Amino acid sequence: MKLKSQINDVIKDAFLKAGIEHAPMSVSEATKPEFGDYQFNGAMALSKKLGKNPRQIANDILDHLDFTGLLAKAEIAGPGFINLWLNPLWIAAQCESAGQDTRVGVERRKNPVKVVVDYSGPNMAKQMHVGHLRSSIIGDTLANLLTFLGDDVIRQNHIGDWGTQFGMLIAYLEEMQNDGSVSLKDLEQFYKDAKGRFDADAGFADKAREYVVKIQSGDTHCLGLWQKFIDISLGHCEEVYEKLGVNLTRDDVRAESFYNDDLGNVIEDLRTNGTLQESNGAQCIFLEGNEVPVIVQKGDGGYLYATTDLAALRYRAQKLQAKRIAYVVDARQGGHFKQVFRVAKEAEFVPEDVKLEHIAFGTMMDKGGKPFKTRDGGTVKLIDLLDEAVVKAKETINNKEEYSSEQIEELAKIIGIGAVKYADLAINRESNYIFNWDKMLSFEGNTSLYMQYAYARIQSIFRKYDGQIEGNIIIGDALEHRLSTMLLRFEDVLMRTAEDASPNQLTTYLYELVTLFMRFYEQNPILKEGVDEETKMSRLLLADLTAKTIKQGLDILGIKVVDKL
RNA sequence: GCGCUUGUGGCUCAAUUGGAUAGAGCAUCAGACUUCGGAUCUGAGGGUUAGAGGUUCGAGUCCUCUCAGGCGUACCA
């Protein structure tokens with residue numbers, strides 16, 4: 001439910017009745033429990049416009065507030081804050097219906113948006129490394145979230161499958177094939193070996209260069225080899241996606257090469273409806289206020305990634321009809337996207353009303369604040385990182401005797417992968433992020449394990465109680481009041497998270513929810529002796545809705561829960 | 001040089017987009033009916049939000065300058 005907008009409606013109504021025309025600003029959550037559940041701060045802002053003192057305005061609104069529905073009480077405080085208390089009976093009823101809803105009370109969007117989420121984008125020449133982690137999981141979360149809210153989401157994996165290095169790679173692949181010793185298990189090694197051949201053998205180097213030209217001119221033999229190479233490499237990526245629980249399939253792949261045939265058209269169209277200029281032999285667009293131009297065609301006739309991105313933007317806006325296009329890409333490419341977006345709009349490749357966004361994120365650092373590398377300074381392969389996460393997770397599992405080795409393996413995967421994802425999603429995506437195994441695999445603090453633990457704890461209550469749950473939620477104390485209000489905020493949080501593409505807003509919410517639940521759980525016994533039936537039912541219903549909300553929230557983040565830890 | 005970006009307790013991060021006394025978690029210290037899962041909960045100490053000005057009823061948040069770090073900066077992606 002859209003709690004905030006419902007409260008806003010009540011405020012707006014009071015404004016109209018008070019004869020104030022200005023559209024009031026929105027309420028916000030109270031900063032402290034003493035200040036109620038929500039607060040309205042608009043009276044101060046309106047004071048100048050209306051030429052009245054803010055407390056007077058607040059009074060006028062208060063006089064016309066409707067207390068027959070969701071509001072129970074309102075007070076004016078300080079210079080003109082209006083503190084609002086929700087009606088416990090109303091909250092309880094809303095929680096009851098949310099508990100019965102498969103979407104925990106979250107409505108499906110009435111006006112869905114067609115949105116492209118571009119993420120992951122690995123390079124086919126190499127193995128996926130830690131640099132792809134953030135894009136893959138932030139992008140996947142965004143796509144999951146928008147899908148859940150009801151948008152029409154098109155996932156796009158813009159893989160790098162084109163460029164000069166492929167000449168070298170397929171020439172080497174052909175050589176290995178002839179030897180009968182194709183080994184593409186380790187792409188990194190394959191690349192190194194090919195590079196070794198390239199540097200050592202002039203004949204091989206010539207062949208590699210010749211193959212580049214051949215692929216580009218559509219030579220079937222070379223294209224066949226290239227396709228084979230891409231298939232295998234993509235297979236490696238899919239293995240990573242599977243482990244990571246990222247919802248990308250082959251259908252989502254729109255590789256760089258997909259746009260090849262359109263690149264010439266892009267240049268031509270830029271010439272006619274853009275401001276293409278030749279400079280030092282290259283085709284450029286000089287944007288006002290920018291020192292460096294956007295180069296779309298090299299002096300030798302070759303195209304660049306700006307060209308491909310323009311073709312992709314046009315495809316997404318015109319063919320796919322997307323109204324929002326989000327690129328989940330490293331913050332360092334901010335300048336590039338700023339330019340490309342501007343060119344795309346100015347050349348009318350993308351209509352004015354289409355929202356183009358660069359969902360930028362910071363770099364992954366080690367404990368010492370340096371870019372994340374292996375001990376010998378190489379890049380860390382993503383698959384190795386994930387395997388390590390599972391191994392480390394295994395060490396945290398208590399009561400290993402209770403489980404079979406398969407169960408431990410399964411559990412470790414859920415815990416380990418969840419920890420890696422949650423740690424990443426829980427921080428502001430734009431800042432650099434410090435990767436720390438101990439912290440992410442801890443049961444304490446804002447971690448996935450703490451959430452999974454809370455979920456399992458609730459499930460254990462329901463294992464113990466096997467009767468029917470029939471009854472109503474009765475809000476009996478301040479803690480239950482806060483917990484249930486928090487539960488009703490879920491949709492508001494999801495909306496804002498989607499708007500800003502900032503998963504950490506969702507993790508912060510889940511953490512606060514779980515913290516509240518833990519306190520509630522310590523303080524308010526559910527199944528203990530002496531708890532009357534009515535209270536028991538009420539608390540079971542609250543626990544149930546909490547568990548469902550945790551599960552749904554983690555599901556959007558791509559993190560699994562288990563009934564038993 | 002120019003551009004973008006970051007700076008919040010010892011450490012890692014929040015702060016509802018300009019609102020009340022800047023909040024959490026680690027770590028530290030002190031506690032909790034022999035536990036509905038103690039992998040939890042309660043409490044304490046710890047801050048001039050890098051610094052200086054400005055805008056206004058009100059600034060961690062907006063503007064200007066300074067300091068410090070990171071990144072980008074014409075034919076790689």
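These numbers were taken from a predicted model, which means no experiment stands behind them.
Checking A:Gln505 against A:Arg496 by side-chain atom types alone, a donor-acceptor pair falls below 3.5 Å. Counted by atom type alone, A:His336 and A:Asp309 present one or more donor-acceptor pairs between their side chains at under 3.5 Å. Between A:Tyr315 and A:Arg254, the side chains place a donor N or O and an acceptor N or O closer than 3.5 Å (distance only, hydrogens not considered). In this structure, a donor-acceptor pair under 3.5 Å is absent between the side chains of A:Tyr119 and A:His158. Side-chain N/O atoms of A:Thr507 and A:Asn504 include no donor and acceptor closer than 3.5 Å. Donor-acceptor pairing under 3.5 Å is lacking for the side chains of A:Asn428 and A:Tyr433.
Counting non-hydrogen atoms under 4.0 angstrom, A:Met44 reaches a base of the nucleic acid. Base contact: A:Leu565 has a heavy atom under 4.0 Å from a base atom. Residue A:Glu444 is in sugar-phosphate contact alone, with no base atom involved, counting any heavy-atom pair closer than 4.0 Å across all strands shown. Residue contacts for A:Ala360: at a heavy-atom cut-off of 4.0 Å it reaches no nucleic acid atom on any strand shown. If you check every strand for non-hydrogen atoms under 4.0 Å, A:Asp330 touches nothing. Residue contacts for A:Asn280: at a heavy-atom cut-off of 4.0 Å it reaches a base atom on one of the strands shown. No contact: A:Thr515 has no heavy atom under 4.0 Å from any strand. Within 4.0 Å of A:Leu304, counting heavy atoms only, lie sugar-phosphate atoms of the nucleic acid but no base atom. Among the heavy atoms of the strands, none lies under 4.0 Å from A:Asp438. Among the protein residues, A:Asn436 comes within range of no part of the nucleic acid, since none of its heavy atoms lies under 4.0 Å from any strand. Within the 4.0 angstrom heavy-atom criterion, only backbone atoms of the sugar-phosphate kind lie near A:Lys464; the bases stay farther away. Contact annotation for A:Ile526: base contact, defined as any heavy-atom pair under 4.0 Å involving a base atom. A:Gly299 comes within contact range of at least one nucleobase, with a heavy-atom separation under 4.0 Å. Among the protein residues, A:Phe286 comes within range of the nucleic acid bases, having at least one heavy atom under 4.0 Å from a base atom.
For A:Phe517 and A:Phe520, the distance between ring centers is under 6.0 angstrom. A distance below 6.0 Å separates the ring centres of A:Tyr511 and A:Tyr450. Between A:Phe15 and A:Phe40, the distance from one ring center to the other falls under 6.0 angstrom.
In B:U17 the base sits syn relative to the sugar, since the glycosidic angle is no further than 90° from 0.
We find that the ring of A:Tyr453 and the base of B:G37 do not stack by the test of centres under 5.5 angstrom and planes tilted less than 30°. Stacking between A:Tyr465 and B:C36 is absent: the aromatic ring centre is not both under 5.5 angstrom from the base six-membered ring centre and within 30 degrees in plane angle. Once the 5.5 Å centre distance and the 30° plane angle are applied, the aromatic ring of A:Phe81 is found stacked with the base of B:A20.
Atom CG of A:Asn428 is separated from atom P of B:U5 by 13 Å (rounded to the nearest Å). Taking atom CG of residue A:Asn446 and atom C1' of nucleotide B:C13, one finds them 9 Å apart after rounding to whole Å. Distance OH (A:Tyr303) to C1' (B:A74): 19 Å, rounded to an integer number of Å. Here B:A24 presents its C1' atom at 12 Å from NZ of A:Lys439, a figure rounded to the nearest Å. Going from atom CD1 of A:Ile82 over to atom C1' of B:G19 covers 13 Å, rounded to whole Å. The distance between atom OH of A:Tyr305 and atom C1' of B:A74, rounded to the nearest whole Å, is 11 Å.
For B:G23 and B:A30, the C1' atoms lie 22 Å apart once the distance is rounded to whole Å. Straight-line distance between the C1' atoms of B:G45 and B:A68: roughly 30 Å, to the nearest whole Å. To the nearest whole angstrom, the two C1' atoms, one in B:A44 and one in B:U48, are 23 Å apart. Nucleotides B:C63 and B:G18 place their P atoms 10 Å apart, quoted to the nearest Å. Across the P atoms, B:C76 and B:A14 are found 37 Å apart, a figure rounded to whole Å. Comparing the C1' positions of B:A74 and B:C2 gives an interatomic distance of 15 Å, to the nearest angstrom. B:G31 and B:G69: their C1' atoms are spaced 42 Å apart (whole Å). A distance of about 26 Å separates the C1' atoms of B:C62 and B:G72, rounded to the whole Å.
Nearest to the side chain of A:Ile427, among B:C2, B:C13, B:U17, sits B:C13. For A:Glu256, the side-chain atoms get nearest to B:A77 when compared with the rest of B:A77, B:C2, B:A74. Ranking B:U21, B:C33, B:A14 by closeness to the A:Lys528 side chain, first place goes to B:C33. Of the candidate nucleotides B:A20, B:U73, B:C4, B:U73 has the atom lying nearest to any side-chain atom of A:Val292. Comparing B:G37, B:A14, B:A77 against the side chain of A:Gln333 picks out B:A77 as the nearest. Checked against B:A14, B:C41, B:U21, the side chain of A:Asn504 finds its nearest nucleotide in B:A14. Among B:U12, B:A74, B:G37, the nucleotide with an atom closest to any side-chain atom of A:Ile434 is B:U12. Closest to the side chain of A:Pro293, out of B:G37, B:C41, B:A74, is B:A74.
Nearest-nucleotide mapping onto RNA chain B: of A:Phe35 and A:Lys367, the residue sitting toward the 5' end is A:Lys367. In this structure, A:Glu430 and A:Thr363 both approach RNA chain B, and ranking their closest nucleotides by distance from the 5' end singles out A:Glu430.
Between A:Tyr450 and the phosphate of B:C26, there is no side-chain N or O to OP1/OP2 separation shorter than 4.0 Å. Between A:Arg457 and B:G38 there is a side-chain N or O to OP1 or OP2 distance below 4.0 Å. Between A:Arg519 and B:U42 there is a side-chain N or O to OP1 or OP2 distance below 4.0 Å. Residue A:Tyr511 places none of its side-chain N or O atoms closer than 4.0 Å to OP1 or OP2 of B:A14.
Closest of all the heavy-atom pairs between A:Glu491 and A:Val106 is OE1-CA, 3.3 Å. In this structure, A:Ile469 and A:Met537 approach most closely via the heavy-atom pair CA-SD, 3.9 Å. Smallest separation of non-hydrogen atoms from A:Ser135 and A:Ser120: OG-N, 2.8 Å.
Paired regions of RNA chain B, where each region holds three or more successive Watson-Crick or G-U pairs whose two hydrogen-bonding distances fall under 3.5 Å, are B:1-7 with B:67-73, B:10-13 with B:23-26, B:28-32 with B:40-44, B:50-54 with B:62-66.
Here A:Trp162 pairs with A:Trp226 under the ring pair (Phe, Tyr, Trp, His ring centres under 6.0 Å) rule; sequence neighbours left out.
Within residues 480-488 of chain A, no residue approaches RNA chain B, by heavy-atom distance under 4.0 Å.
Contact of the A:Ile415 side chain with the A:Leu441 side chain is registered, since non-hydrogen atoms from C-beta on lie closer than 4.5 Å.
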